[in-house]
*Asks:* 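Once you've had a glance at the structure underneath, I'll fire off some questions.
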Amino acid sequence: MDTSLQDFMNGSNVLFLIWGAVLVFSMHAGFAFLEAGSVRKRSVVNAFTRIVTDWAATAIVYFFIGFPIAYGINFLGSAAEISSAQGFDLAHFFFLMAFAAVIPAVISGGIAERAKFYPYMIASAILIGTVYPFFESMVWGQLGTLGGADGFLAATFGAPFHDFAGSVVVHAVAGWIALPAILLLGPRLLRYREGKSTPLPVSSVPYIALGSWFLMIGWFGFNIASAVTLDAMSGLVAVNSLLAMVGGILVANFISKRDAVFIHNGALAGLVAICAGSDIVHPISALVIGGIGGAVFVKGFLYANEKWQIDDVLGVWPLHGLVGVWGGISAGIFGVTSMGGLGGVSLASQIIGTAAGAGIAFAGSYLIFGVIKRLAGLRLTPQEEQIGPDLIVHRSRAYPEQEMV
Amino acid sequence: MDTSLQDFMNGSNVLFLIWGAVLVFSMHAGFAFLEAGSVRKRSVVNAFTRIVTDWAATAIVYFFIGFPIAYGINFLGSAAEISSAQGFDLAHFFFLMAFAAVIPAVISGGIAERAKFYPYMIASAILIGTVYPFFESMVWGQLGTLGGADGFLAATFGAPFHDFAGSVVVHAVAGWIALPAILLLGPRLLRYREGKSTPLPVSSVPYIALGSWFLMIGWFGFNIASAVTLDAMSGLVAVNSLLAMVGGILVANFISKRDAVFIHNGALAGLVAICAGSDIVHPISALVIGGIGGAVFVKGFLYANEKWQIDDVLGVWPLHGLVGVWGGISAGIFGVTSMGGLGGVSLASQIIGTAAGAGIAFAGSYLIFGVIKRLAGLRLTPQEEQIGPDLIVHRSRAYPEQEMV
Amino acid sequence: MDTSLQDFMNGSNVLFLIWGAVLVFSMHAGFAFLEAGSVRKRSVVNAFTRIVTDWAATAIVYFFIGFPIAYGINFLGSAAEISSAQGFDLAHFFFLMAFAAVIPAVISGGIAERAKFYPYMIASAILIGTVYPFFESMVWGQLGTLGGADGFLAATFGAPFHDFAGSVVVHAVAGWIALPAILLLGPRLLRYREGKSTPLPVSSVPYIALGSWFLMIGWFGFNIASAVTLDAMSGLVAVNSLLAMVGGILVANFISKRDAVFIHNGALAGLVAICAGSDIVHPISALVIGGIGGAVFVKGFLYANEKWQIDDVLGVWPLHGLVGVWGGISAGIFGVTSMGGLGGVSLASQIIGTAAGAGIAFAGSYLIFGVIKRLAGLRLTPQEEQIGPDLIVHRSRAYPEQEMV
Amino acid sequence: MIKVEAIVRPERIRDVLDALAEEGLFGVTVYEVKGSGRQKGFVEHYRGLEIKVNVLPKAKLEIVVKDYRVEEVVDAIKSAARTGEMGDGLIFISRVDDVIRIRTGERGDEVLADIEGR
Amino acid sequence: MIKVEAIVRPERIRDVLDALAEEGLFGVTVYEVKGSGRQKGFVEHYRGLEIKVNVLPKAKLEIVVKDYRVEEVVDAIKSAARTGEMGDGLIFISRVDDVIRIRTGERGDEVLADIEGR
Amino acid sequence: MIKVEAIVRPERIRDVLDALAEEGLFGVTVYEVKGSGRQKGFVEHYRGLEIKVNVLPKAKLEIVVKDYRVEEVVDAIKSAARTGEMGDGLIFISRVDDVIRIRTGERGDEVLADIEGR
Ligand SMILES: Nc1ncnc2c1ncn2[C@@H]1O[C@H](COP(=O)(O)OP(=O)(O)O)[C@@H](O)[C@H]1O
Ligand SMILES: Nc1ncnc2c1ncn2[C@@H]1O[C@H](COP(=O)(O)OP(=O)(O)O)[C@@H](O)[C@H]1O
Ligand SMILES: Nc1ncnc2c1ncn2[C@@H]1O[C@H](COP(=O)(O)OP(=O)(O)O)[C@@H](O)[C@H]1O
């Protein structure tokens with residue numbers, strides 16, 4: 001192959017990754033609006049600010065620490081050295097950094113309206129530099145213990161842990177990291193009164209819809225570009241993502257009787273569920289996987305927030321934690337050839353890999369949020385919370401003109 | 001060509017289609033916000049919910065029925081069987097499914113604020129499984145009667161019906177499908193009082209603008225990826241789309257005296273008009289085609305909604321129906337080489353193909369909406385309409401926090 | 001290379017440019033929302049309308065005049081003639097036209113709430129047909145005086161003026177064009193009272209955030225597709241853009257004490273700063289460049305709007321003008337190999353090129369806005385301004401339903 | 001001088017204003033309010049969580065008139081605002097001691113005389 | 001008939017409505033208002049520019065009752081709205097000369113009698 | 001005790017509040033309202049459809065003061081709110097029978113005495 005063709009192919013592969021990375025970056029706009037719409041007006045500015053600064057903090061920590069831990073590649077050499085093959089490694093870093101940034105965005109949705117600004121940001125940053133890349137390394141990276149072709153699980157059960165686009169590595173881990181943060185923080189004031197659930201109204205259904213649209217759109221970059229190079233590109237991943245999303249929408253619609261917020265979240269549940277197996281299951285299986293994902297979310301949300309009285313504002317633990325677990329396992333069920341899948345997957349590996357992810361995430365997060373809580377406190381005072389984080393943390397309101405005379 | 005290069009090229013073509021499909025998918029966010037901004041606050045949640053669930057219903061019907069009818073390809077084999085050439089057919093399905101989903105989104109904009117939820121959804125789904133793929137097959141698909149290189153029109157008039165990106169197959173069909181639905185439903189309460197038009201206020205110009213932006217942006221995927229493979233890719237399509245949009249904006253601006261809603265819709269009118277001929281006309285022709293499209297929309301909207309008192313909330317019949325017809329015909333006028341175009345087009349074929357599309361759409365829709373109206377009713381009761389579909393159908397409001405005490 | 005491969009490669013390159021162009025186009029939605037959120041409610045419709053019609057006017061002027069001036073290529077031949085190599089030149093035009101459209105969008109943000117509609121639009125159009133392409137030609141185009149490999153600067157200082165993605169050609173020029181427009185217009189009524197600054201409240205922080213997100217996302221197209229062809233594609237540009245943005249966010253956060261608007265603008269400052277050197281500096285340098293960009297913006301904004309009482313509503317002069325200058329110079333500082341950069345850059349050339357851009361822009365703009373001011377006036381009357389441009393210019397309001405009884 | 005305050009359904013406010021205008025009464029001030037009374041509110045659902053909302057959107061209009069016009073105003077409002085369903089609203093009548101027009105400085109009945117036609 | 005107007009903290013409005021409902025008083029009209037008083041406002045920041053906001057969001061509720069119920073109403077509001085911090089608000093008592101129910105045309109005390117239970 | 005209600009142009013509300021504050025009057029409640037009167041509304045256009053809007057945004061402020069301060073208040077409002085163009089608004093004066101401060105339980109003139117300075 002002559003050089004110019006090689007350059008062209010490298011460039012195309014870089015474009016593929018960057019196309020994906022930009023879409024995953026755009027999901028962050030989605031996290032921002034999903035949270036802004038789901039909280040009360042007093043917490044809207046805070047939602048936007050946290051999402052964008054967390055992205056920034058993640059980029060730095062993952063650049064210097066997370067990516068090197070996970071893949072053994074660092075970018076401390078000169079610009080010429082680190083950008084060989086048209087900067088493919090850098091592009092890959094960008095794509096995976098955008099995955100890592102899901103972690104603080106998910107936590108943010110759970111702890112909204114009552115958390116302090118910096119303690120939460122520091123805890124998130126520590127997790128991005130430790131727990132997250134450690135597990136990533138075991139599945140996708142240099143360790144390969146769980147996901148490597150000759151890692152422990154592959155050797156034991158005949159197939160490694162398969163998590164194509166991160167149902168577990170990203171979503172389950174994010175959800176199970178968020179849970180301790182939510183528990184350690186406790187519910188918002190007046191969320192439960194004398195043991196009774198008294199829901200706090202969301203501020204804007206249109207913002208929730210906008211957030212979901214950004215997430216739905218960007219998710220196709222998330223899943224499809226997980227192929228990393230164009231010769232591994234697959235239309236199957238795209239259609240599986242599509243149909244899983246569709247399954248989530250329809251099931252959420254039916255079991256919630258046309259509840260707009262549940263439906264828009266149901267789409268996301270379908271997408272969380274399909275990440276792991278999107279490259280190996282049949283589209284009809286994807287529809288089922290996504291549909292079950294939608295149901296797991298709706299039911300999980302009601303159990304968590306109503307019954308167990310965990311004030312998980314956006315339902316991030318059911319959405320990413322529970323549905324992510326379902327995604328990891330479902331790849332083992334539907335990925336086998338007898339179910340019309342492409343095979344090369346083992347249910348045992350899936351269960352173990354998934355459990356490991358959830359367990360490590362929960363434990364690591366409990367430790368780090370626990371320590372930070374002790375050292376600095378995680379929560380605003382009740383008076384501050386009553387006034388709201390926008391005025392307290394940012395000295396501003398979401399709609400200044402309306403609020404002024 | 002060695003395999004890895006072939007894989008790379010297949011993968012690139014799949015990326016091309018998926019890039020387009022994701023952009024067309026993002027247009028759905030546009031439909032949602034365009035409708036949400038154009039209705040009153042009581043119908044905002046309903047707008048969002050209908051747009052997203054219709055997408056879901058379309059995906060399923062088109063996967064199992066529509067695409068197989070139109071192209072003779074189904075996806076019932078195993079994952080391995082259906083994803084040859086890196087899943088090119090699946091990617092193509094995704095792209096075309098996103099086109100099909102324009103149908104219910106367009107209807108939705110016409111019947112907003114007063115339609116029942118499921119009857120409308122079922123009628124849309126039936127249309128996606130019958131009328132739409134039937135006409136699609138005649139133009140782009142296995143029948144090829146109108147659009148095939150050796151179809152009836154090609155044989156008769158020397159050139160087949162040319163509809164590159166669906167001015168007719170998608171937009172005119174959508175608009176002429178929407179018209180009977182709107183007529184069978186009748187105008188909103190108080191929209192016309194004692195024969196006089198009393199406009200109902202739109203809720204949000206910013207949402208209308210946001211919707212238009214999503215549509216304008218996504219439309220470049222719609223038109224450009226209609227080339228299907230990269231070797232047929234053309235910068236001409238891109239610039240023609242650009243200039244037609246620009247023509248629509250400027251003409252709408254001038255004839256409406258800076259009416260913000262008309263201007264944002266004018267951009268879309270330009271884009272509807274150019275779909276058919278975007279691959280063959282000269283950019284200056286595109287500017288003219290788009291400009292006339294803008295004028296057709298503005299005038300058509302006023303005639304329909306004011307004079308004929310058709311309560312087409314978003315003006316979908318003029319926008320997609322009338323401008324789509326203009327698009328189909330204009331390709332025959334400006335596509336010929338004497339007008340600087342690439343040729344290979346016949347005005348007679350364009351007129352016949354366009355008329356066929358509008359006629360089949362109108363008739364098929366009249367039948368299906370008529371039957372559903374008889375069986376289940378299409379419309380909320382006056383009391384329900386007064387309260388609004390958000391509370392009646394979804395038991396929620398768009399801005400819960402504001403509305404509560 | 002056989003033809004089909006050549007076609008495929010051409011098509012891929014066209015896709016690359018179009019991918020970028022669509023992203024840059026989407027930045028315009030960002031400009032629209034950034035301005036809509038930053039003005040008072042009475043000026044929201046005007047913001048949306050100006051941004052979209054300016055895009056249209058720019059497209060036409062740049063198609064017929066600007067691009068031919070800058071690159072010596074026109075599109076007056078037949079469609080067949082102008083679309084060789086799959087319409088690569090047309091795609092390139094689209095991409096660069098989207099750059100040119102930054103000019104009126106930036107001016108718009110500075111003169112918001114008080115400018116007349118057409119005088120400003122005409123002045124912008126004239127600038128797009130004269131000053132802008134003239135300087136563009138000197139840096140990127142046929143003149144090449146500053147940026148050409150054998151232009152004047154290259155001959156004198158050993159390296160041409162390097163402005164990869166337009167810190168200077170686009171942003172500094174836009175900012176320094178906006179400044180005279182703002183000065184000639186004067187501050188909004190009541191913005192400064194008896195020499196004291198009395199800030200006018202912004203209408204919506206969420207819209208500011210939405211605008212920033214569109215801009216941040218689209219910016220990756222702006223920078224990355226500046227490589228123009230895939231064989232010049234570079235992951236380095238992507239990561240440098242990312243880290244510069246991140247630097248801008250974090251520095252703005254720290255020096256403004258979590259001010260949401262500053263933080264979202266800080267991201268943009270980082271991106272403006274990195275455009276020039278994004279293909280040659282090391283990612284760690286990019287972080288520093290972006291961070292300093294964030295600081296320059298925050299401080300520049302306060303100086304301009306508070307101290308010097310220039311009512312630059314969105315802070316476009318500090319953001320694009322000052323930070324753009326910093327971007328041009330910083331490429332000369334950090335681009336050299338001793339700083340880990342790829343070299344081929346001269347600080348002297350950078351300073352001269354940058355100063356030339358700012359100077360030409362300021363002078364040309366002063367002249368054109370000055371003449372138009374004399375001939376037609378630039379500003380609404382005080383009574384009109386009090387009522388607001390939405391009602392005066394567009395006879396409509398942003399939230400009609402809310403305002404009506 | 002008498003202040004007439006009427007709480008009506010928001011969808012009726014235009015009709016009420018028209019009815020008043022027909023009597024030559026153009027000077028009116030309108031408030032967006034929420035009301036609770038006999039009309040039932042809605043049980044709303046967000047992510048499956050029930051919220052019972054007992055207050056409903058209402059419009060309140062306030063018009064200050066010369067004493068002898070009160071019954072005219074009450075009748076105009078009643079006939080334009082009535083649907084017969086729960087939630088039609090109430091009218092309150094109370095006394096105002098003085099009225100001043102800011103623009104002219106006029107006071108008392110004179111101000112109201114002034115504004116009854118246009 | 002007496003009109004009781006109370007300006008309270010917005011976050012207390014639900015409690016006040018509940019307290020009134022316990023007394024059998026369901027007919028209430030609520031306004032979103034802004035108030036200034038002894039409670040300090042906030043200094044807000046937008047792009048570093050300071051804006052001092054002296055008016056704070058408040059809720060006002062208005063309830064017209066028969067004369068003898070006034071003290072009951074005042075007590076209910078006081079106990080449900082009080083936090084003890086600056087900004088708790090005021091209650092105003094004034095006279096209403098007549099009340100008309102639009103739906104039925106009833107007038108006077110009768111209207112209020114009618115609405116005290118549900 | 002007297003209640004002074006003033007309907008003014010929204011853009012004048014800050015000036016009015018400042019003028020009142022200069023008199024030592026900080027306790028004020030503000031409403032966003034719509035008003036119709038002699039000032040003409042706008043004919044708006046949406047997608048070419050004309051909507052005539054006769055009501056215009058206004059601000060209403062309400063201040064309860066001791067009887068002897070009424071003229072002071074009226075003058076402060078008048079001078080701060082007047083532009084001389086149609087639409088400057090009206091001031092209504094009426095009687096209040098009692099005032100209660102929720103925080104302290106104080107009643108009557110005492111409440112108002114208390115709030116006149118800060
Ligand atoms: N006693 C009252 N004091 C103040 N406002 C009241 C009172 N009673 C009713 N209202 C207002 O009148 C509105 C309509 O009252 P409602 O009892 O629902 O209908 P109807 O008057 O037709 O029986 C309420 O929503 C409330 O705003
Ligand atoms: N004289 C007054 N007239 C009208 N409204 C008043 C008056 N004094 C106070 N208010 C209203 O009561 C609210 C609470 O008053 P404030 O002085 O802050 O608290 P507190 O009554 O606990 O001392 C104010 O925000 C304002 O809306
Ligand atoms: N009789 C009235 N009753 C209640 N409000 C009134 C009355 N007349 C005028 N208003 C209020 O005063 C505002 C200004 O009145 P308008 O007639 O437009 O101006 P001006 O008082 O300067 O002639 C109106 O918008 C309305 O809110």
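Residue numbers start from 1 in every chain, and the chains themselves are labelled A, B, ... in the order their sequence lines are given, proteins ahead of strands.
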*Asks:* In plain terms, say whether C:Glu385 and C:Arg379 are close enough for a salt bridge, that is, a side-chain N and a carboxylate O under 4.0 Å apart.
*Replies:* yes
*Asks:* Please state whether the side chain, the backbone, both or neither of C:Tyr118 comes within less than 4.5 Å of a heavy atom of chain B.
*Replies:*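 Just the side chain, heavy atoms under 4.5 Å.
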*Asks:* For residues 216-230 of chain C, please give each side-chain donor-acceptor pair under 3.5 Å, one per line with the distance, not counting sequence neighbours.
*Replies:*
unit_1: C:Asn223; atom_1: ND2; unit_2: C:Ser241; atom_2: OG; d: 2.9
unit_1: C:Ser226; atom_1: OG; unit_2: C:Phe222; atom_2: O; d: 2.8
unit_1: C:Thr229; atom_1: OG1; unit_2: C:Asp231; atom_2: OD1; d: 2.7

*Asks:* If you count heavy-atom pairs under 4.5 Å with chain B, which of C:Ser83, C:Gly77, C:Ala91 comes out on top?
*Replies:* C:Gly77
*Asks:* Mind checking side-chain hydrogen bond (donor to acceptor under 3.5 Å, both in side chains) for B:Arg258 and listing every partner two or more places apart, or none if nothing turns up?
*Replies:* none
*Asks:* On a heavy-atom basis, which atom in C:Lys41 and which in C:Ser203 lie closest, and how many Å separate them?
*Replies:*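 Minimum heavy-atom separation between C:Lys41 and C:Ser203: N-CB, 4.0 Å.
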*Asks:* When heavy-atom pairs shorter than 4.5 Å are enumerated against chain C, which of B:Ala260, B:Ser204, B:Gly37 gives the highest number?
*Replies:*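 It is B:Ser204.
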*Asks:* Show me the donor-acceptor pairs, under 3.5 Å and distance only, between side chains in residues 51-65 of chain C and residues at least two apart or in other chains.
*Replies:*
unit_1: C:Thr53; atom_1: OG1; unit_2: C:Thr49; atom_2: O; d: 2.8
unit_1: C:Thr53; atom_1: OG1; unit_2: C:Arg50; atom_2: O; d: 3.3
unit_1: C:Asp54; atom_1: OD2; unit_2: C:Tyr120; atom_2: OH; d: 2.4
unit_1: C:Thr58; atom_1: OG1; unit_2: C:Asp54; atom_2: O; d: 2.7
unit_1: C:Tyr62; atom_1: OH; unit_2: C:Glu136; atom_2: OE1; d: 2.9
unit_1: C:Tyr62; atom_1: OH; unit_2: C:Glu136; atom_2: OE2; d: 2.8

*Asks:* Decide salt bridge (charged side-chain N to carboxylate O under 4.0 Å, His left out) for B:Glu113 and B:Arg188; before the verdict, give the C-alpha distance in whole Å, the side-chain angles of both, and the deciding distance to 0.1 Å.
*Replies:* CA-CA 7 Å; B:Glu113 302 218 53; B:Arg188 285 168 293 172; 2.6 Å; yes
*Asks:* C:Leu210 versus chain B, heavy atoms under 4.5 Å apart: side chain, backbone, both or neither?
*Replies:*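 When you check distances to chain B, only side chain atoms of C:Leu210 fall under 4.5 Å.
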*Asks:* Can you tell which part of C:Ala32 gets under 4.5 Å to a heavy atom of chain B, answering side chain, backbone, both or neither?
*Replies:* side chain
*Asks:* If I take atom CG from residue B:Asn253 and atom CZ from residue C:Phe117, how far apart are they, to the nearest 0.5 angstrom?
*Replies:* 5.0 Å
*Asks:* Let me know if B:Leu287 has heavy atoms under 4.5 Å from chain C in its side chain, its backbone, both or neither.
*Replies:*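 B:Leu287 touches chain C through side-chain heavy atoms alone.
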*Asks:* Is the ring pair B:Phe297/B:Phe301 parallel, tilted or perpendicular, if the boundaries are 30 and 60 degrees?
*Replies:*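 It falls in the tilted class, 30° to 60°.
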*Asks:* I'd like to verify something: which residue of B:Val281, B:Thr337, B:Leu243 has the highest number of heavy-atom pairs under 4.5 Å with chain C?
*Replies:* B:Leu243
*Asks:* As an exercise: rank B:Leu236, B:Leu342, B:Val202, B:Ile263 by heavy-atom pairs under 4.5 Å with chain C and give me the winner.
*Replies:* B:Val202
*Asks:* Contact part of C:Val14 toward chain B, heavy-atom cut-off under 4.5 Å: side chain, backbone, both or neither?
*Replies:*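 For C:Val14, backbone and side chain are both near chain B.
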*Asks:* Applying a heavy-atom distance below 4.5 Å, give me the residues of residues 20-28 of chain C that approach chain B, sorted by number.
*Replies:*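 So far as heavy atoms go, C:Val22, C:Phe25, C:Ser26, C:His28 are the residues that approach chain B to under 4.5 Å.
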*Asks:* As a test of understanding, state which of C:Arg114, C:His394, C:Glu35 forms a side chain to side chain donor-acceptor pair (under 3.5 Å) with C:Asn46.
*Replies:*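 Exactly one option meets the side chain to side chain donor-acceptor pair (under 3.5 Å) with C:Asn46, and it is C:His394.
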*Asks:* Taking side chain as everything from C-beta outward and backbone as N, CA, C, O, which of these in B:Ser256 sits under 4.5 Å from a heavy atom of chain C? Side chain, backbone, both or neither.
*Replies:* backbone
*Asks:* Please work out which of the three classes, parallel, tilted or perpendicular, describes the rings of C:His92 and C:Phe88, given edges at 30° and 60°.
*Replies:* tilted
*Asks:* For the pair B:Ile289 and B:Ile333, evaluate side chain to side chain contact (heavy atoms under 4.5 Å, CB included) and give the outcome as yes or no after the intermediate values.
*Replies:* CA-CA 10 Å; B:Ile289 291 171; B:Ile333 300 172; over 6 Å; no
